[in-house]
Amino acid sequence: MTFPINRRDLLARSLGTAAALGLPAFPSLAAAPLVINTYGGRWEKFWRTDLMPAFEKISGVKPTLDVGLGKNFIANLRAAGIEKPPYSVLMVNENIASVVRGEGYFEPIPAAKVPNLAHVYPNMRNPGDNGVRGIVSTIGIGYRKDLVKTPPKSWADLWSNPEFKGKIGLYQIGNTAAMLFLLMTAKIYGGSQDAIDRAFVEIKKLLPFQQADWSGTLSTMLTRGDVTVAVIDFPEIVALKKKGVPVEMVVPSEGVVAFEQSFNILKHAPDKEAAYQYLNFILRPEVQESMAKEFFTSPTNTQVKLEPALAADVPISGKAMSSIVQFDWAKVNPQLPAITDRWNREIK
């Protein structure tokens with residue numbers, strides 16, 4: 001997506017007057033040892049060129065950026081220990097965050113310190129505000145408009161529409177999206193996320209299908225026509241549409257699942273005050289909208305109203321946020337090794 005050259009300045013100016021937004025002003029913490037994390041590629045570029053300069057301009061805090069993967073961030077935490085974490089605030093997929101939350105690394109977010117927390121959709125706030133979803137990329141069904149006669153309307157159509165047989169693309173079990181699909185299948189056919197055995201029975205009925213390690217691989221499969229329908233995150237479908245690939249995305253009638261980036265405050269953070277400022281910044285409406293424009297993610301702040309053109313590319317926003325089906329990762333995570341092993345043995 002192409003942005004005006006002054007996009008960064010516009011973002012900074014739009015965030016510059018706390019009083020205009022009804023938010024408290026924070027003291028300058030120019031020397032604060034704040035380390036924030038993000039992923040590589042487009043994520044790193046956006047953080048360096050847009051988010052970090054805007055945050056520094058309005059807060060006086062100059063953060064250090066740590067770029068990597070979720071497994072790297074968690075390894076850094078565990079190597080340092082609960083008492084001396086390298087981060088004050090941590091962004092990581094909620095399924096991963098759930099593990100270290102259970103190990104005692106995080107603490108509840110104080111609403112008074114992060115006023116924008118009050119505007120976050122209820123289902124995006126963890127119990128007791130021990131973590132909040134700040135970035136959400138929804139996952140539904142994508143399909144080739146030119147190769148599918150009857151477009152899917154529900155997850156169940158993957159099983160019931162005979163033209164999809166042998167033409168379905170799914171994620172490999174090492175990708176969080178595969179686990180989300182398995183849990184959704186358990187919920188639809190077994191009544192709850194605990195019906196793992198039933199989910200395996202049903203997913204086997206979809207065989208043969210192709211498995212991809214990540215969304216980019218599924219996009220390639222759709223582009224080539226190797227698959228005509230796929231369980232895929234919506235931003236990938238939007239990117240393909242903008243390249244001219246004849247694809248469309250479907251919000252299944254049973255709801256969508258999502259990659260959920262959870263933001264968490266460390267219990268023994270090196271600088272909690274700077275962490276609160278950063279988290280409040282991430283949750284601001286202007287920042288949420290800016291990320292929607294860049295990544296086609298679903299804003300978690302209720303005050304964001306997307307313009308029609310952008311809303312068409314982000315089908316889950318506003319009231320539709322309630323259609324995101326979520327799972328109890330604290331119950332799922334202990335089962336992951338067994339589920340992974342079973343998938344690799346049985347889903348071939």
Side-chain angles (χ1 to χ4, degrees), residues 121 123 136-171 175-193 195 198-212 215 218-219 221-242 244-260 296-298 306 308-327 347:
Y121 290 98
N123 60 329
V136 173
S137 181
T138 50
I139 301 168
I141 301 173
Y143 70 97
R144 282 285 297 267
K145 296 190 294 182
D146 57 333
L147 300 177
V148 170
K149 295 179 180 179
T150 305
K153 296 181 180 179
S154 69
W155 293 109
D157 287 342
L158 296 176
W159 282 265
S160 63
N161 189 336
E163 68 176 301
F164 297 153
K165 192 67 175 179
K167 287 293 184 177
I168 298 173
L170 299 179
Y171 291 90
N175 191 300
T176 300
M179 185 61 62
L180 287 166
F181 178 66
L182 184 142
L183 294 171
M184 189 68 173
T185 303
K187 181 177 176 65
I188 292 171
Y189 288 97
S192 80
Q193 69 172 54
R198 179 62 185 275
F200 269 98
V201 169
E202 296 302 326
I203 291 174
K204 285 180 184 179
K205 293 178 182 178
L206 296 177
L207 290 167
F209 53 76
Q210 296 202 45
Q211 298 185 54
S215 300
L218 278 175
S219 291
M221 291 178 178
L222 280 168
T223 300
R224 292 193 307 228
D226 297 339
V227 301
T228 59
V229 63
V231 174
I232 189 170
D233 58 301
F234 287 152
E236 285 293 327
I237 294 298
V238 175
L240 288 180
K241 290 173 69 174
K242 293 185 182 301
V245 181
V247 292
E248 192 51 83
M249 50 190 168
V250 175
V251 176
S253 58
E254 304 95 337
V256 298
V257 290
F259 293 121
E260 298 174 287
F296 305 112
T297 50
S298 300
L306 299 179
L310 182 56
D313 291 334
V314 184
I316 302 299
S317 65
K319 293 181 179 180
M321 293 294 283
S322 62
S323 69
I324 298 175
V325 179
Q326 297 168 304
F327 303 101
I347 308 298

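This one's a predicted model, so the numbers in the text were calculated from it and none came from an experiment. All heavy atoms count here, side chains included; hydrogens, waters and symmetry mates do not.
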Point-to-point distance, once rounded to the nearest 0.5 Å, from OG1 of Thr185 to CG of Leu206 = 7.5 Å
Asp313 side chain reached by Lys242 side chain, heavy atoms, under 4.5 Å | yes
With sequence neighbours excluded, residues passing side chain to side chain contact (heavy atoms under 4.5 Å, CB included) with Pro246 | Arg144, Asp146
The side chain to side chain contact (heavy atoms under 4.5 Å, CB included) partners of Ser219 (sequence neighbours excluded) come to Ile232, Glu236, Leu240
Exam field: side chain Trp155 to backbone Phe181, donor-acceptor pair closer than 3.5 Å | no
So, for Ile347 and Lys204, which heavy atoms are closest and what is the spacing to 0.1 Å?
-> CD1-CG, 3.8 Å
Sequence neighbours left out, what passes ring-ring contact (aromatic ring centres under 6.0 Å, His included) with Tyr189? Give chain and number order.
-> Trp159
Interatomic distance, Met249 atom CE to Thr138 atom OG1 [nearest 0.5 angstrom] | 8.0 Å
Write down the atom of Leu218, the atom of Ala230, and the distance for their closest heavy-atom approach.
-> CD2-CB, 4.2 Å
Quick one: pull up CD1 in Ile168 and CE in Met221 and give me the separation to the nearest 0.5 Å.
-> 13.0 Å
Hey, is the main chain of Leu207 close enough, under 3.5 Å, to the side chain of Lys165 for a donor-acceptor pair?
-> yes
Hey, mind stepping through Phe234 and Val256 against side chain to side chain contact (heavy atoms under 4.5 Å, CB included) and telling me if it holds?
-> CA-CA 10 Å; Phe234 287 152; Val256 298; 4.2 Å; yes
Min side-chain heavy-atom separation Gln326-Glu260 under 4.5 Å = yes
Taking the side chain from Asn161 and the backbone from Asp157, do they hold a donor-acceptor pair closer than 3.5 Å?
-> no
Indicate the atoms forming the closest heavy-atom contact of Ile324 with Ala258, along with that distance.
-> CG2-CB, 4.1 Å
Heavy-atom closest contact (Val231 atom, Tyr171 atom, distance) | O-CE1, 3.0 Å
Closest heavy-atom contact between Ile141 and Pro152?
-> CG2-CG, 3.7 Å
Should Val136 and Thr297 count as side-chain neighbours, where that means a heavy-atom distance under 4.5 Å?
-> no
Backbone of Ile316 reached by a side-chain donor or acceptor of Ser298 within 3.5 Å = yes
Under 3.5 Å, is there a donor-acceptor pair between the side chain of Asn123 and the main chain of Met321?
-> yes
Is there a donor-acceptor contact under 3.5 Å from the side chain of Gln211 to the main chain of Ala178?
-> no
Which value, rounded to the nearest 0.5 Å, describes the distance between Ile237 atom CD1 and Leu222 atom CG?
-> 5.5 Å
Separation of Phe296 CZ from Asp233 CG (nearest 0.5 Å) | 12.0 Å
Using a strict cut-off of less than 4.0 Å between a Lys/Arg side-chain nitrogen and an Asp/Glu carboxylate oxygen, indicate whether Arg198 and Glu202 qualify as a salt bridge.
-> yes
Which is it for Phe209 and Val227 under the side chain to side chain contact (heavy atoms under 4.5 Å, CB included) test, yes or no, and what are the steps along the way?
-> CA-CA 8 Å; Phe209 53 76; Val227 301; over 6 Å; no
Could you tell me the separation between the CG atom of Leu158 and the CG atom of Leu170, rounded to the nearest 0.5 Å?
-> 7.5 Å
Shortest non-hydrogen pair, Pro315 vs Val251, comes out as CB-CG2, 4.0 Å
Evaluate the side-chain proximity of Glu254 to Val325: yes if any heavy-atom separation is below 4.5 Å, no if none is.
-> no
Side-chain contact test, heavy atoms from C-beta onward, threshold under 4.5 Å: evaluate it for Ser253 versus Lys153 and give yes or no.
-> no
